[in-house]
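Owing to the predicted nature of the structure, the values given are computational and were not obtained by experimental measurement. So that the names make sense, note that chain A is the first sequence line, chain B the second, and so on, each numbered from 1.
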Protein chains: 2
Amino acid sequence: MSKMHKERTLTKNQQIIFDLIDKSPEPLKAYSILFNVQKKGINAPLQVYRALDKLVEIGKIHKIESRNAFIACHNSSCQVAKATAFSICEICEKVTEISSAGLSKYLANFKDKDGMKYSKYNLEFFGLCKKCNTR
Amino acid sequence: MSKMHKERTLTKNQQIIFDLIDKSPEPLKAYSILFNVQKKGINAPLQVYRALDKLVEIGKIHKIESRNAFIACHNSSCQVAKATAFSICEICEKVTEISSAGLSKYLANFKDKDGMKYSKYNLEFFGLCKKCNTR
DNA sequence: AACACTGTGTAATAATATAACATTAATATA
DNA sequence: TATATTAATGTTATATTATTACACAGTGTT
Ligand SMILES: [Zn+2]
Ligand SMILES: [Zn+2]
Ligand SMILES: [Zn+2]
Ligand SMILES: [Zn+2]
């Protein structure tokens, strides 16, 4: 029930591009995606960007804004791309989606002094991953 | 004493570009900056990007990653671009730097389950500003 | 002087993203 | 079923954002 929003049938292009991103161990960039799916008949940047836009919109993937790259969502608690948090290693560029009930609760309830209420946020943490930290 | 890190003498190009950003009511994009400083002898994108990079590095400006735009820092508590938070109106695109001791304390101390410690973060909230919300 | 370091100027190019238009597929609803 | 509507596709061209490469100038140090 809780993940119902993600059970949408993808179109052909969306499925091809999602599969590629989903099986990638690292975030993928649009033109790298384009290069990889040309053998499947997707020839133009716009075809990639349209699929990416839709996949982001429905929460199947997220955009890592500081890297202009896309990662599949493996976090059942992140509702349709409305609340995202990532850790990014500044050496090896490994990106991990953060799944913390405390963090999302804190941010979802955060109100600034103007009383502006937010419908969405994106948080990117930077540092060294465990591996890179011990070298 | 607390803002010592920002008291650096800017070079000519850095000063020109900082002044432009600092007096702008909205985030500026690199090529819009370029257009605006051509009368001052800055002719090429690279001259703009070099100044922007340095200004970001020393914390005089911040990059709004989701908008590829730059805003001057007016927040004495944000130490050299290591910890930034913004609110962004999805209608009028107004951007405000958030200055909340509670938020920065929470995020600075946040540790994920891997125990990865972060040296830096960037947070962007999206919603409607007061003005746009009441229309 | 020799060196390192930082910044500048210029040209060329790479990388990221969108506009415009024609067509086709899927869905709704009358 | 017909038809209207919406969503997705294919293609070309173009706009926007950012970097590479190279030559040179200023400043401080040894
Ligand atoms: Zn997610
Ligand atoms: Zn790493
Ligand atoms: Zn700031
Ligand atoms: Zn607004």
Side-chain angles (χ1 to χ4, degrees), chain A residues 5-21 24 26-71 80-81 93 95 122 124, chain B residues 5 7-21 24 26-71 80-81 90 93 95 122 124:
Chain A
H5 62 285
K6 287 187 187 178
E7 308 312 325
R8 170 199 168 106
T9 306
L10 301 181
T11 66
K12 180 170 143 284
N13 288 359
Q14 289 163 11
Q15 189 69 58
I16 290 168
I17 286 170
F18 174 72
D19 287 345
L20 184 68
I21 297 171
S24 169
E26 64 200 357
L28 295 179
K29 305 191 137 218
Y31 276 72
S32 138
I33 292 168
L34 175 57
F35 178 79
N36 274 283
V37 297
Q38 278 180 328
K39 48 181 165 289
K40 304 215 174 179
I42 295 177
N43 304 302
L46 192 46
Q47 293 175 292
V48 173
Y49 280 105
R50 282 197 286 227
L52 290 174
D53 286 351
K54 183 56 71 172
L55 290 168
V56 166
E57 183 190 325
I58 65 181
K60 299 277 292 181
I61 66 173
H62 303 302
K63 182 174 188 180
I64 311 301
E65 292 286 356
S66 65
R67 299 298 187 261
N68 298 318
F70 300 85
I71 192 176
V80 194
E93 293 292 326
V95 173
N122 179 59
E124 298 180 6
Chain B
H5 61 285
E7 309 311 327
R8 171 199 167 107
T9 306
L10 301 182
T11 66
K12 181 171 143 284
N13 287 359
Q14 289 163 11
Q15 190 68 58
I16 290 168
I17 286 171
F18 175 71
D19 287 344
L20 183 69
I21 296 172
S24 169
E26 65 200 356
L28 294 179
K29 305 191 138 217
Y31 276 72
S32 141
I33 292 168
L34 175 57
F35 178 80
N36 275 282
V37 297
Q38 279 180 327
K39 47 182 165 292
K40 305 216 172 176
I42 295 177
N43 303 302
L46 190 47
Q47 294 175 292
V48 173
Y49 280 106
R50 282 197 285 225
L52 290 174
D53 286 351
K54 184 55 71 171
L55 290 168
V56 166
E57 184 190 325
I58 66 181
K60 300 276 293 181
I61 65 173
H62 302 302
K63 182 173 187 180
I64 311 301
E65 292 287 355
S66 66
R67 301 298 187 259
N68 298 318
F70 299 86
I71 192 176
V80 194
E90 289 187 295
E93 292 292 326
V95 173
N122 179 60
E124 298 180 5

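Taking every nucleotide of DNA chain C with any atom under 4.0 Å from a non-hydrogen atom of chain A, the first and last of them, 5' to 3', are C:dT16 to C:dA20.
Closest-nucleotide positions on DNA chain C for B:Pro45 and B:Asn13 were compared, and the one nearer the 5' end corresponds to B:Asn13. Looking at which nucleotide of DNA chain D each of B:Leu46 and A:Tyr31 is closest to, the 5′-most match is held by A:Tyr31.
Comparing D:dT12, D:dA18, D:dG10 by their nearest atom to the side chain of B:Ala30 picks out D:dA18.
Scanning both residues, B:Val56 and B:Lys63, for their nearest heavy atoms gives CG2-N, 4.4 Å. The shortest non-hydrogen separation linking B:Ile17 to B:Gln47 is CD1-O, 4.2 Å. Residues B:Gln14 and B:Leu55 share a closest heavy-atom pair of O-CD1, 3.8 Å. The two residues B:Ile21 and B:Phe70 come nearest to each other via the heavy atoms CG2-O, 3.8 Å. Between A:Ala30 and A:Val48, the closest heavy-atom pair is O-CG1, 3.8 Å.
Proximity of B:Leu34 to B:Asn43: side-chain heavy atoms (C-beta onward) are nowhere separated by under 4.5 Å.
What separates CD1 of A:Ile42 from C1' of D:dT11 is a distance of 14 Å, to the nearest Å. Protein atom CG of A:Leu10 is 10 Å distant from nucleotide atom P of D:dT9, rounded to whole Å.
Within the structure, every pair that satisfies the salt bridge (Lys or Arg N to Asp or Glu O under 4.0 Å) test and touches residues 45-54 of chain A, not counting sequence neighbours, is listed here: A:Lys54-A:Glu57.
Distances shorter than 4.0 Å separate none of the side-chain N or O atoms of B:Asn68 from OP1 or OP2 on D:dT16. Regarding contacts with the backbone of D:dG26, every side-chain N or O of B:Lys12 stays at 4.0 angstrom or more from both OP1 and OP2. In this structure, A:Asn43 reaches the D:dT11 phosphate: one of its side-chain N or O atoms is under 4.0 Å from OP1 or OP2.
Within a heavy-atom distance below 4.0 Å of DNA chain D, the residues of residues 49-57 of chain A found are A:Arg50, A:Lys54.
Under the 3.5 Å distance criterion, with hydrogens and angles disregarded, a donor-acceptor pair is assigned to the side chains of A:Ser66 and A:Glu124.
Pairing partner, C:dA30: D:dT1, with both Watson-Crick or wobble hydrogen-bond distances short of 3.5 Å.
With respect to A:Phe18, the side-chain contact (heavy atoms from CB on, under 4.5 Å) criterion is satisfied by exactly one of A:Asn13, A:Ile58, A:Leu10, A:Leu52: A:Leu10.
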